[in-house]
Protein chains: 2
Amino acid sequence: MFTIAEAARRAACPQSTIRYYERAGVLPPARRGDNGYRYFEADDIERLAFVNRARELGFSIASVRDLLRLADHPQQPCEAVDTLLDEQVRSVRQRIAKLQALETRLAHLQRACDGEHPVHECGILAALSDTDAA
Amino acid sequence: MFTIAEAARRAACPQSTIRYYERAGVLPPARRGDNGYRYFEADDIERLAFVNRARELGFSIASVRDLLRLADHPQQPCEAVDTLLDEQVRSVRQRIAKLQALETRLAHLQRACDGEHPVHECGILAALSDTDAA
DNA sequence: CGTGGACCTTAAAGTTGCTTTAAAGTCAAC
DNA sequence: GTTGACTTTAAAGCAACTTTAAGGTCCACG
């Protein structure tokens with residue numbers, strides 16, 4: 001039986017996040033002591049750790065809910081898990097591609113100015129101001 | 001003199017965004033007709049386009065405000081512009097690196113399951129449940 | 001017994017950059 | 001004069017939390 005402070009320490013995440021996860025429905029309502037304090041068992045901490053790992057992998061709260069539901073029903077086919085993971089991979093790859101395109105444009109801009117002139121000669125601001133610039 | 005609908009069309013951005021930018025202080029309060037309608041001149045549309053381009057490059061609203069302030073004071077040295085751009089490049093590269101690390105981990109996970117078994121044999125959920133898994 | 005400090009609780013607001021909604025006023029044409 | 005397309009505002013919604021404020025609880029020390 002752990003207090004929320006202990007749970008937070010063990011899961012290495014803020015107490016406020018644990019409360020939030022409960023509110024958001026990815027953790028079940030915690031058991032309460034007579035004083036209203038939350039108490040956690042080893043099981044609860046494992047579930048919290050599961051959530052944390054899934055979040056680290058970039059899954060949304062909604063997807064984490066789905067993953068937990070699947071984990072709770074061991075007889076179901078795991079196709080749904082694979083699908084969630086595939087979607088997540090695609091989403092990450094898309095974000096990478098967008099950021100790389102951005103990086104290229106920003107790097108080009110960096111070459112437009114050497115930092116030695118006043119702003120009105122700055123190639124960077126010129127590019128931002130210019131309707132024709134990429 | 002353009003209505004907000006015209007301005008939105010010319011800048012290819014929603015009207016709600018124009019109003020938001022005004023509220024957020026990156027666009028000055030628009031001139032108003034007797035009826036309270038906003039009216040825009042070519043200048044205003046250019047400023048809006050500047051904002052749009054900077055946003056496309058990933059600059060925060062706060063940075064866009066800074067960039068505009070710099071653009072409005074042509075005699076200042078453009079070092080500040082370069083600094084903002086450098087920071088932006090660093091931030092984008094960092095995000096890319098994080099996403100690539102994520103991609104690697106997700107791709108590993110994908111190999112942990114071929115989608116043919118029930119959930120309780122799923123390597124993906126096992127990895128999420130396992131305290132020792134990456 | 002009391003008091004100080006460390007713990008816990010909740011609801012609500014703040015964050016970022018918008019979008020959406022609702023309720024309402026305006027304008028032009030038929 | 002009324003339809004329909006425009007405009008306005010304030011406020012709420014989104015994601016995933018974090019922060020704040022105001023308030024109970026617990027325990028140990030004197």
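Every heavy atom of this structure was used, including side-chain atoms; hydrogens, water molecules and symmetry mates were not. Each chain gets a letter, A, B and so on, in the order its sequence line appears, and its residues count up from 1.
For DNA chain D, the span of nucleotides reached by chain B at under 4.0 Å from its heavy atoms goes, 5' to 3', from dC6(D) to dT9(D).
At whole-Å resolution of the value, CZ in Phe59(B) and P in dC18(C) are 14 Å apart. Atoms CG (Asp34(A)) and P (dC8(C)) sit 17 Å apart, rounded to a whole Å.
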Evaluate the side-chain contact (heavy atoms from CB on, under 4.5 Å) criterion for residues Leu70(A) and Leu84(A): first the C-alpha distance (whole Å), next the side-chain angles of each, then the deciding distance (0.1 Å), finally the verdict.
CA-CA 11 Å; Leu70(A) 288 162; Leu84(A) 280 169; 4.2 Å; yes

Derivation of the salt bridge (charged side-chain N to carboxylate O under 4.0 Å, His left out) call for Arg69(A) and Asp72(A)
CA-CA 5 Å; Arg69(A) 202 160 357 94; Asp72(A) 287 340; over 6 Å; no

I'd like to know whether Cys13(A) forms a side-chain contact (heavy atoms from CB on, under 4.5 Å) with Leu48(A), so could you lay out the CA-CA distance, the side-chain angles of the two residues, the decisive distance to 0.1 Å, and finally the verdict.
CA-CA 9 Å; Cys13(A) 86; Leu48(A) 174 53; 4.2 Å; yes

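Residues Ile61(A) and Tyr21(A) form a side-chain contact, since some pair of their non-hydrogen atoms from C-beta on lies under 4.5 Å apart. Between Leu57(B) and Arg53(B), the closest side-chain pair of non-hydrogen atoms is not below 4.5 Å. When side chains are defined from C-beta on, Leu85(A) does not count as touching Val81(A), because their heavy atoms never get closer than 4.5 Å. Taking the side chain as every heavy atom from C-beta outward, Leu27(B) and Tyr20(B) never approach each other to under 4.5 Å. Here the side chains of Glu56(A) and Leu102(B) are not in contact, with every heavy-atom distance at 4.5 Å or above. Using a 4.5 Å heavy-atom cutoff, the side chains of Ser129(B) and Glu46(A) are not in contact. With contacts defined as side-chain heavy-atom distances shorter than 4.5 Å, the pair Glu6(A)/Met1(A) does not qualify.
For Arg31(B) and Phe40(B), the positive end is not near the middle of the six-membered ring at less than 6.0 Å and at most 45° from its axis. Geometrically, Arg32(A) does not engage Tyr37(A) in a cation-pi contact defined by less than 6.0 Å to the ring centre and at most 45° from the axis.
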Restricting both atoms to N or O, compile the protein contacts to nucleotides 28-30 of chain C shorter than 3.5 Å, with distance only.
none

Provide a list of protein-nucleic acid N or O atom pairs under 3.5 angstrom, restricted to nucleotides 23-26 of chain C.
residue	atom	partner	partner atom	Å
dG25(C)	N2	Tyr37(B)	OH	2.8
dT26(C)	O4'	Tyr37(B)	OH	3.4

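Among pairs with a residue in residues 88-102 of chain B, those fulfilling side chain to side chain donor-acceptor pair (under 3.5 Å) read Glu103(A)-Arg93(B), Ser91(B)-Arg95(B), at least two apart in sequence or across chains.
DNA chain D lies under 4.0 Å from at least one heavy atom of each of the following residues of residues 10-24 of chain A: Pro14(A), Ser16(A), Thr17(A), Tyr20(A), Tyr21(A), Arg23(A).
Fit an axis to the five pairs at each end of the helix from dC1(C)-dG30(D) to dC30(C)-dG1(D) and the two axes sit 40° apart, to the nearest 10 degrees.
Around atom CD of Glu79(A), no more than 12 heavy atoms belonging to other residues, nucleotides or ligands sit under 6.0 Å away.
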